[in-house]
K.L.:
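Once you've had a glance at the structure underneath, I'll fire off some questions.
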2 protein chains.
Amino acid sequence: MTDKETNTNSKFNVEGRVWINSENCSFTGQGKIELIEKIKELGSLRKAAAEMKMSYRQAWQNINKMNNLSEKPLVILNRGGKNGGIAIVTEEADNVIVAYNKLKTAFDIFIKQQSEILNL
Amino acid sequence: MTDKETNTNSKFNVEGRVWINSENCSFTGQGKIELIEKIKELGSLRKAAAEMKMSYRQAWQNINKMNNLSEKPLVILNRGGKNGGIAIVTEEADNVIVAYNKLKTAFDIFIKQQSEILNL
DNA sequence: CTGCGTTATGTTAATTTGTGAATAACGATA
DNA sequence: TATCGTTATTCACAAATTAACATAACGCAG
């Protein structure tokens, strides 16, 4: 491991983003995955949005978009009822979360490697 | 190579972007690299911007930003003179282009691989 | 049937971002 | 000195994205 091969003290570093597309339309990204995870944790779209400091409207649009792009819905939103309503995360969403997290893990490693070999 | 391992006919695919940062400030990305390459080809910032259908203002700002973030300027802009002015791409810029293109090549491969193993 | 908290949706305001026009500065050349 | 095409910079406007607010719809509980 020589200075010729690595570059950990450079002022430059590599960054990037990854996401999953469905027919040229953004399906998931970091934010949407986190949103679903929060919904699963809290059982409420409104509470999840609040905790992420995201507007309820935007959160709803994100979920709605994903539900429409996927054959099976990822989050089932029911209004009215016992506590005013409930948001249920489906098994399909779990699959998406697993797939995205695998991608994200591999990507983080990729970025780290590329940042180290960056020759600037 | 079975259907369990690959996923080339899925309606989903992986996409992403990478760039090089300098102290939390975007240094280069695809667009800026292309801009520098065009300048090198045409010897003119204005012509390069026009060819990329980018406003001259934006192009100038991009180059100016990169020049300031780098110790040595990437593009030297001289006004006046024989043909009204000239834009010179430095050796430093060549190094940046090489570094970025290496990164981009590796990233394209990464994305292709991840798209193939995507399990959705 | 009333109250409650959530989902659903529209409207408007605010902020950011990009565009285009206009013009000054510049320096070799003729 | 006048010309030329480029770089440099400002200003006003447009477009697009985002934020904020308001309010209707819903269905269970009491």
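Only a predicted model underlies this, so the values are computations on that prediction, with no experimental measurement involved. Each chain gets a letter, A, B and so on, in the order its sequence line appears, and its residues count up from 1.
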K.L.:
May I ask you to evaluate whether S44(B) reaches the phosphate of dG5(D), defined as a side-chain N or O under 4.0 Å from OP1 or OP2?
P.N.:
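So the side-chain polar atoms of S44(B) never come under 4.0 Å of the phosphate oxygens OP1 or OP2 of dG5(D).
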K.L.:
Taking only heavy atoms on the protein side, list every residue of residues 73-80 of chain A lying under 4.0 Å from any atom of DNA chain D, sorted numerically.
P.N.:
R79(A), G80(A)
K.L.:
Please answer: with hydrophobic residues joined when any side-chain heavy atoms are less than 4.5 Å apart, are I88(B) and V75(B) in the same cluster?
P.N.:
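Shared cluster, no.
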K.L.:
Please state how far atom CD1 in I86(B) lies from atom P in dA25(C), giving the value in whole angstrom units.
P.N.:
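I86(B) atom CD1 is separated from dA25(C) atom P by 23 Å.
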K.L.:
Would you kindly compare G84(B) and R57(A) by the position of their nearest DNA chain D nucleotide and give the one closer to the 5′ end?
P.N.:
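First, find each residue's nearest nucleotide; the 5'-ward one identifies G84(B).
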K.L.:
Can you check the N83(B) CG to dA30(C) C1' distance for me, whole Å?
P.N.:
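Computing the N83(B):CG to dA30(C):C1' distance gives 14 Å.
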K.L.:
Looking at N68(A), I'd like to know if its CG atom is crowded, meaning that more than 12 non-hydrogen atoms belonging to other residues, nucleotides or ligands lie closer than 6.0 Å.
P.N.:
yes
K.L.:
With the 4.5 Å side-chain cut-off for hydrophobic clustering, are W19(A) and M52(A) part of the same group?
P.N.:
no
K.L.:
Starting at CG of N68(B) and ending at P of dA8(D), how long is that distance when rounded to a whole Å?
P.N.:
12 Å
K.L.:
Are any of Q58(A)'s side-chain N or O atoms less than 4.0 Å away from OP1 or OP2 of dT18(D)?
P.N.:
no
K.L.:
Rounded to whole angstrom units, what separation is found between the NZ atom of K53(A) and the C1' atom of dT18(D)?
P.N.:
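That distance rounds to 17 Å.
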K.L.:
Please give, in whole Å, the distance from dA25(D) C1' to L45(A) CG?
P.N.:
16 Å
K.L.:
Under 3.5 Å, is there a donor-acceptor pair linking the side chains of N62(A) and W60(A)?
P.N.:
no
K.L.:
Rounded to whole angstrom units, what separation is found between the CZ atom of R46(A) and the P atom of dT6(C)?
P.N.:
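Atom-to-atom, R46(A) to dT6(C), this comes out as 7 Å.
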K.L.:
Salt-bridged, D108(A) to K112(A), with N to O below 4.0 Å?
P.N.:
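Here D108(A) does not pair with K112(A) in a salt bridge, since their nearest N and O are not under 4.0 Å apart.
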K.L.:
With respect to the phosphate group of dG5(C), does any side-chain polar atom (N or O) of K82(A) fall under 4.0 Å of OP1 or OP2?
P.N.:
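The answer is no; no side-chain N or O of K82(A) sits under 4.0 Å from OP1 or OP2.
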K.L.:
If you measure from CD1 on I111(A) to CZ on F107(B), what distance do you get to the nearest 0.5 Å?
P.N.:
7.0 Å
K.L.:
Separation of W60(B) atom CH2 from dT19(C) atom C1', in whole Å?
P.N.:
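The answer, rounded to whole Å, is 17 Å.
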K.L.:
Knowing that exactly one of I97(A), V96(A), I39(A), L69(A) qualifies, which makes a side chain to side chain contact (heavy atoms under 4.5 Å, CB included) with L74(A)?
P.N.:
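The passing option is V96(A).
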K.L.:
To the nearest Å, how far apart are Y56(A) OH and dA24(D) P?
P.N.:
16 Å
